[in-house]
A.B. asks: 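Handing you a structure now.
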Amino acid sequence: MTTGSNIVNSLPASFEKLPIPQPSQMLDRKGKVIATFYEQNRDPVKLEDISPYMRKAIVSVEDERFYEHNGVDPKGMLRAAVSNLTSSSRQGASTLTQQYVNNLLVNNQYLTGAKDTTVSGQKDYADKIREVRYSVAIENEMSKDEILEGYLNLVLFSGREYGVQAAAQRFFSVDAKDLNLQQSAMLAGMVQLPNVYNPIDNPERAKDRRDKVLGNMYRTGAITKKEYDKAVASKLETNPSSSKSGCMAAGDNAYFCDYATQVLSKDEAFGKTKEDRVNLLYRGGLTIKTTLDASLNKKAAKDARKAIDPKAKSNKDIYSSLVSIEPGTGGILTMAQNTTYTPEKGLGQTTFNFAVPRSMGGAGGFQGGSTMKPYTTLAWLHEGHHMYDKINAKRPYYSPTSKWRASCLPGGTTVTGGSEPWSPANASRGFYRTMTVDYGLMWSINSATVAEAAKVDLCTITDYTTKLGVLDQDAGENGGPGPISPKNPSFIIGSANITPMSQAAAFAAFANKGEYCEPRALTSVVDSEGNKYNVPKQDCKQVVDEQYIADLNGTLQKIATKRVSKGRVSGPIAGKTGTNNYASSTWFVGYSTGISTAAWVGRLNGKAGEPQNSLHGALINDVRAPKMVDSSTYAAPLWVDFMEEAVHEFDQGSFGSARSAPKPKPQPKEDSDSSDSSDSSDSNDSSDSSDSNKSDSEDSKDSKDKKEKSENKSKGENKSNDKGEDKKEKKSKPEPTKSGSPNDSDED
């Protein structure tokens, strides 16, 4: 008693009640729940939203004198003491108020990371005296109903199910307010030993315990004899449901969910350390509103699986991805792929998100192929040229010493580099000729894009890729993302590894008159107390002149409309195809004014453009693919399947008016091949192209030029090409180098 008196006197009159952990919910843009995050599954409800049977049951079995004592029950303590001294069984004497206090103390210990705990069975005399002291204080601060409500929302029922609402849903799939008598008695009986009296694992013990609770209720007058008899005669009648925690339970939305949680866990607005932020997510009762359109994302995932069957044995390293961005906001509308989000190993299973950078759970990007060509065209327009200017696209190769203008590099130039000539070849020899920039881009002619780049500053091109958020995923510090370097000219036809999300966002700027918006996943975050957290704001900037965009769109509209959609996707629409060497990465990135979508199909582990990774004639979806695979084989059909419906849910406005061809003016005599000497400033494509002879010109299959088609003959090596044709180089031309970088793209 002396010890107890000293302990009581040393304790404060009350204690701080830390917030009770509550699950967080992630919602899509329409308010639909995407995922729930919790360590303790709890859904607090008001006392009036808890069944009267449940209130009576818990009082009858845990503290029948609850409404008579002031927090401590001396009679109950004496009864328990006598019983414990005279028998081998143990009785507790804690009132509901004391149990509530103890649960609050345990919660505080849990939240503060205390090593010592006062969970049942681990309390000493000092703990018990402290519990008594605080119980009296609580009774002076709160009403009986408030204490009962707090207890029923706090107590553990089973596993990670805390509180009566979560327990009612877990075992009966009903709300706490709808619990009947026998259901209430079963739940009330569980709190003493949640695992022992779990009705799923131990149904007989659970029923026996339930019936004893019903007996207590009848003995104390809480229910009538008739109610008791009927309830005891009933079966357990459980109807279990589960509420899984985290992104693994998010289904088709799991990859977006993972990306959104990555955003939250890296933002100091949600806590000083990553641990703080994760704790907030799993304990803070957050309502996280996002940009995702879950219904649209479901279709995206379905279409991705249709394009590349995740269960086909031949597809163990072949995947598909679809990501959509809203022009004008940067909101991520879809982020889907053909796989199941899980850390378990298996066919069609991965946690890698193909759409995003490594630092955000991604796969590190893929070679962009010809989807990179519009940036060269923007530089062409930026430097005062027009889409209908003619360029000499005759040149088939560039020597290692060929010079390229690059004002941002030391000396203002760079060279092709390497030890042998670089041959960014076309799919058809018939395209080695003079043509307009519009025509060269329309049919994705490599020699045209390279000739175009040779007449502009490479740094103008990379300035646009940087402003539009397209980064080389291997160019930064420690092998991370960084701005695309103009040092190796091969970047112009897609040698850099880029992410589908970055291309969707960049092309969204093409859809929005040159205004680029940073991709955005979160729109608001509020906790259970109504506190708002700062989320990244909408960040949009005008980075390209509207007229340049209108001119570019004039050509990209023809690609999407005439070559890809062919009437299936209502317009206006625009876009660009892309295929790298050996088609290990194929793309179509296209848009309306309301939605921009990047579709990608290719390899993950064997993504480098090398012969062993070739998709040409490979087994795909357990059938033999065409001899020449390109963007039109899988990626473009995937885009069409999705956008055919998606475009109708968003704005479909005009892309602006492209300038018409300027009036003819005297033309200088066409440059001869000899003018393209090794010191020429009009070269462009990387010397470190291991398969530099590959072309990703996406032209011939749909070309109406029969003469050009007839010239498209088989070559010793496959040239990746959006239209899927082989070609043969003239023997007089030097053989392409085999010693260069395996990441040189041959384009689509």
Side-chain angles (χ1 to χ4, degrees), residues 20-25 33 35-63 66 96 99-100 103 107 145-214 216-217 222-223 227-228 230-245 249 282-283 285 287 528:
I20 298 170
Q22 295 184 37
S24 296
Q25 286 192 326
V33 176
T36 302
F37 303 84
Y38 61 82
E39 289 179 348
Q40 298 180 358
N41 187 23
R42 177 184 284 109
D43 186 5
V45 290
K46 296 293 184 182
L47 190 64
E48 56 264 31
D49 291 323
I50 299 174
S51 165
Y53 287 125
M54 186 67 212
R55 299 180 228 166
K56 292 177 181 179
I58 202 70
V59 170
S60 295
V61 73
E62 291 296 323
D63 185 6
F66 174 65
L96 274 177
Q99 292 183 50
Y100 176 51
N103 276 283
N107 178 64
D145 281 354
E146 288 173 334
I147 293 170
L148 182 59
E149 177 185 304
Y151 174 82
L152 285 171
N153 282 310
L154 189 60
V155 69
L156 171 65
F157 280 88
S158 175
R160 292 197 291 176
E161 316 303 324
Y162 288 76
V164 65
Q165 174 67 14
Q169 285 290 336
R170 174 70 183 97
F171 296 108
F172 300 109
S173 299
V174 300
D175 290 327
K177 64 182 176 62
D178 297 321
L179 289 167
N180 62 28
L181 173 56
Q182 53 268 34
Q183 291 169 339
S184 299
M186 193 207 80
L187 293 181
M190 289 181 68
V191 299
Q192 187 180 87
L193 295 170
N195 293 328
V196 172
Y197 298 132
N198 186 310
I200 296 173
D201 300 330
N202 302 302
E204 291 183 4
R205 283 191 172 187
K207 186 177 185 305
D208 183 63
R209 176 64 175 167
R210 181 202 72 175
D211 292 347
K212 288 180 180 178
V213 174
L214 289 168
N216 267 27
M217 295 179 73
I223 58 175
E227 287 176 313
Y228 168 77
K230 182 179 179 181
V232 168
S234 68
K235 297 180 180 180
L236 283 179
E237 298 175 348
T238 55
N239 181 23
S241 64
S242 60
S243 174
K244 296 180 181 178
S245 175
Y282 282 85
R283 303 173 183 174
T287 299
S528 58

A.B. asks: Just jot down the ring pair (Phe, Tyr, Trp, His ring centres under 6.0 Å) partners of Tyr53, sequence neighbours excluded, or say none.
C.D. replies: none
A.B. asks: Which atoms form the tightest heavy-atom contact between Leu236 and Pro203, and what is the distance?
C.D. replies: CD1-O, 3.4 Å
A.B. asks: Hey, could you give me the OG/CZ distance between Ser234 and Arg210, rounded to the nearest 0.5 Å?
C.D. replies: 4.0 Å
A.B. asks: Between Ser241 and Gln169, is there a donor-acceptor pair closer than 3.5 Å when you use the side chain of the first and the backbone of the second?
C.D. replies: yes
A.B. asks: Output the distance between atom CG (Asn103) and atom OH (Tyr162), rounded to the nearest 0.5 Å.
C.D. replies: 9.0 Å
A.B. asks: Using side chain to side chain contact (heavy atoms under 4.5 Å, CB included), reason through Val61 and Val191 one step at a time and then give a plain yes or no.
C.D. replies: CA-CA 10 Å; Val61 73; Val191 299; 5.5 Å; no
A.B. asks: Among residues two or more places apart or on two chains, list those pairs meeting salt bridge (Lys or Arg N to Asp or Glu O under 4.0 Å) that have a residue in residues 168-184.
C.D. replies: none
A.B. asks: Identify, with sequence neighbours excluded, every residue that meets salt bridge (Lys or Arg N to Asp or Glu O under 4.0 Å) alongside Lys56.
C.D. replies: none
A.B. asks: Do any pairs count as a side-chain hydrogen bond (donor to acceptor under 3.5 Å, both in side chains) and have a residue in residues 188-199, sequence neighbours left out, and if so which ones?
C.D. replies: Ser158-Asn198
A.B. asks: Roughly how far apart are Tyr228 OH and Leu214 CG, rounded to 0.5 Å?
C.D. replies: 7.0 Å
A.B. asks: If the condition is ring pair (Phe, Tyr, Trp, His ring centres under 6.0 Å), which residues does Tyr38 pass it with, not counting sequence neighbours?
C.D. replies: none
A.B. asks: Could you tell me the separation between the CG atom of Asp145 and the CZ atom of Arg55, rounded to the nearest 0.5 Å?
C.D. replies: 7.5 Å
A.B. asks: With salt bridge (Lys or Arg N to Asp or Glu O under 4.0 Å) as the rule and sequence neighbours excluded, what pairs involving residues 196-209 come up?
C.D. replies: Lys207-Asp211, Asp208-Lys212
A.B. asks: State the CG-CD1 distance between Leu154 and Ile20, to the nearest 0.5 angstrom.
C.D. replies: 4.5 Å
A.B. asks: Shortest non-hydrogen contact from Phe171 to Leu187?
C.D. replies: CD1-CD2, 3.9 Å
A.B. asks: Taking all non-hydrogen atoms of both residues into account, name the closest pair between Ala206 and Met186 and its distance.
C.D. replies: O-CG, 4.5 Å
A.B. asks: Could you work out, with side chain to side chain contact (heavy atoms under 4.5 Å, CB included) as the rule, every residue matching Asn239, not counting sequence neighbours?
C.D. replies: Ser173
A.B. asks: Output all residues satisfying side chain to side chain contact (heavy atoms under 4.5 Å, CB included) with Pro194, sequence neighbours left out; order by chain, then residue number.
C.D. replies: Leu156
A.B. asks: Can you measure from CE (Met217) to OG (Ser184) and round to the nearest 0.5 angstrom?
C.D. replies: 7.0 Å
A.B. asks: Throw together a table of side-chain donor-acceptor distances under 3.5 angstrom for residues 43-50, partners on residues two or more places apart or in other chains.
C.D. replies:
none

A.B. asks: Sequence neighbours left out, what passes side chain to side chain contact (heavy atoms under 4.5 Å, CB included) with Ala166? Give chain and number order.
C.D. replies: Asn41, Glu161
A.B. asks: Locate the shortest heavy-atom distance separating Leu152 from Phe157; write the atom from each residue and the value.
C.D. replies: O-CE1, 4.3 Å
A.B. asks: Please name the pair of heavy atoms, one in Leu179 and one in Val164, separated by the smallest distance, quoted to 0.1 Å.
C.D. replies: CD1-CG2, 3.9 Å
A.B. asks: What residues form a side chain to side chain contact (heavy atoms under 4.5 Å, CB included) with Pro21, not counting sequence neighbours?
C.D. replies: Gln40, Arg42, Asn107, Tyr110, Leu111, Arg283
A.B. asks: For Phe66, which residues count as a ring pair (Phe, Tyr, Trp, His ring centres under 6.0 Å) partner, sequence neighbours excluded?
C.D. replies: none
